[in-house]
J.: 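Can you read through this structure? Questions will come right after.
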Amino acid sequence: MRAFDAYDTDPLLPFPALVILDINLPKKLGGEVLSHLRKAKWGSQVPVIAVSTSDSQKDRDAMEKFGANAYFHKPSEVSGFMKLGAIVKFVLKIEE
C-alpha cells in the first residue's frame, strides 16, 4: 500500500489508468487494499477491476461495497481470460 501512498505525496508521479486487483493477496485482503486506495486523493477516481478464483456473490458484493468498478471471476482455462479484455475496455470506456 506504500506504493499507492507515494502518489499522494508526489504529484509528478503518473498514477495508473486502471488497477486490476486480486482479492486474495498473500499479505492483505483485496478489500483492505481497495479501501485504502479509495481513501487516497487520486484513488477515488481510478477504475478497479477485482479478480478472484471465487465466484461467490458474497465476494462480489463485498468488492462492490469497497468500490470496485467490476469483478472478474478467474477461469481455469486460458481462453476464459480473454474475456478480461472486454471488461477492461468497458471499465475504461474504450470503444472499438
Side-chain angles (χ1 to χ4, degrees):
M1 290 198 269
R2 281 182 263 155
F4 290 151
D5 294 339
Y7 292 109
D8 280 344
T9 58
D10 187 350
L12 298 178
L13 284 176
F15 62 87
L18 172 72
V19 172
I20 298 177
L21 175 65
D22 196 309
I23 70 169
N24 294 310
L25 300 169
K27 295 184 180 183
K28 297 268 184 198
L29 292 175
E32 287 180 74
V33 175
L34 183 52
S35 179
H36 185 83
L37 174 100
R38 290 300 188 218
K39 291 175 186 171
K41 294 175 200 171
W42 67 277
S44 63
Q45 301 300 318
V46 69
V48 175
I49 299 174
V51 298
S52 178
T53 56
S54 168
D55 200 19
S56 86
Q57 191 61 46
K58 177 183 163 192
D59 287 335
R60 290 174 177 276
D61 292 344
M63 294 312 290
E64 183 178 343
K65 181 181 172 188
F66 285 118
N69 300 84
Y71 189 97
F72 180 71
H73 171 242
K74 294 190 285 187
S76 57
E77 299 170 5
V78 174
S79 62
F81 272 99
M82 300 312 287
K83 296 176 184 176
L84 181 57
I87 295 170
V88 168
K89 287 179 181 179
F90 174 77
V91 169
L92 293 177
K93 298 178 175 91
I94 297 172
E95 295 182 30
E96 292 186 27

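Only heavy atoms go into these numbers, but all of them, side chains included; no hydrogens, no water, no symmetry mates.
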J.: If I compare all heavy atoms of K74 with all of D22, which pair ends up nearest, and what's the gap?
T.: NZ-OD2, 2.6 Å

J.: Going from CD1 on I23 to CZ on F72, what distance comes out if it is rounded to the nearest 0.5 angstrom?
T.: 13.0 Å

J.: Counting only heavy atoms from other residues, nucleotides and ligands, does the tally under 6.0 Å from CD of Q57 exceed 12?
T.: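 Yes - once you tally the heavy atoms of other residues, nucleotides and ligands closer than 6.0 Å, there are more than 12.
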
J.: Measure the spacing between CE of M63 and CG of N69 and express it to the nearest 0.5 Å.
T.: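 With rounding to 0.5 Å, CE (M63) is 10.5 Å from CG (N69).
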
J.: Heavy-atom distance under 4.5 Å between the side chains of Y71 and S54, does that happen here?
T.: yes

J.: V46 versus L18: any side-chain heavy-atom pair under 4.5 Å?
T.: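 In short, these two side chains do not touch, never coming nearer than 4.5 Å.
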
J.: Measure across P75 and G80 and return the closest heavy-atom pair with its distance rounded to 0.1 Å.
T.: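 Heavy-atom minimum between the residues: CG-C, 3.3 Å.
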
J.: Could you state the interatomic distance from CG (L34) to CG (L29), rounded to the nearest 0.5 Å?
T.: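 Answer for the CG-CG pair, L34 versus L29, is 12.0 Å.
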
J.: On a heavy-atom basis, which atom in P47 and which in A17 lie closest, and how many Å separate them?
T.: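 Nearest pair, atom of P47 first, then A17: CD-O, 3.2 Å.
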
J.: Hey, any chance I94 and F90 share a hydrophobic cluster, counting ILVMFWY side chains that come within less than 4.5 Å of each other, even indirectly?
T.: yes

J.: So, taking the atom named NZ in K27 and the one named CD in E32, what distance separates them when rounded to the nearest 0.5 Å?
T.: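 Those atoms lie 13.5 Å apart.
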
J.: Any heavy-atom pair between the side chains of V51 and L21 that's under 4.5 Å?
T.: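 Answer no - side chains too far apart.
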
J.: NZ of K83 to NE2 of H73: how many Å apart, nearest 0.5 Å?
T.: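 The distance works out to 11.0 Å.
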
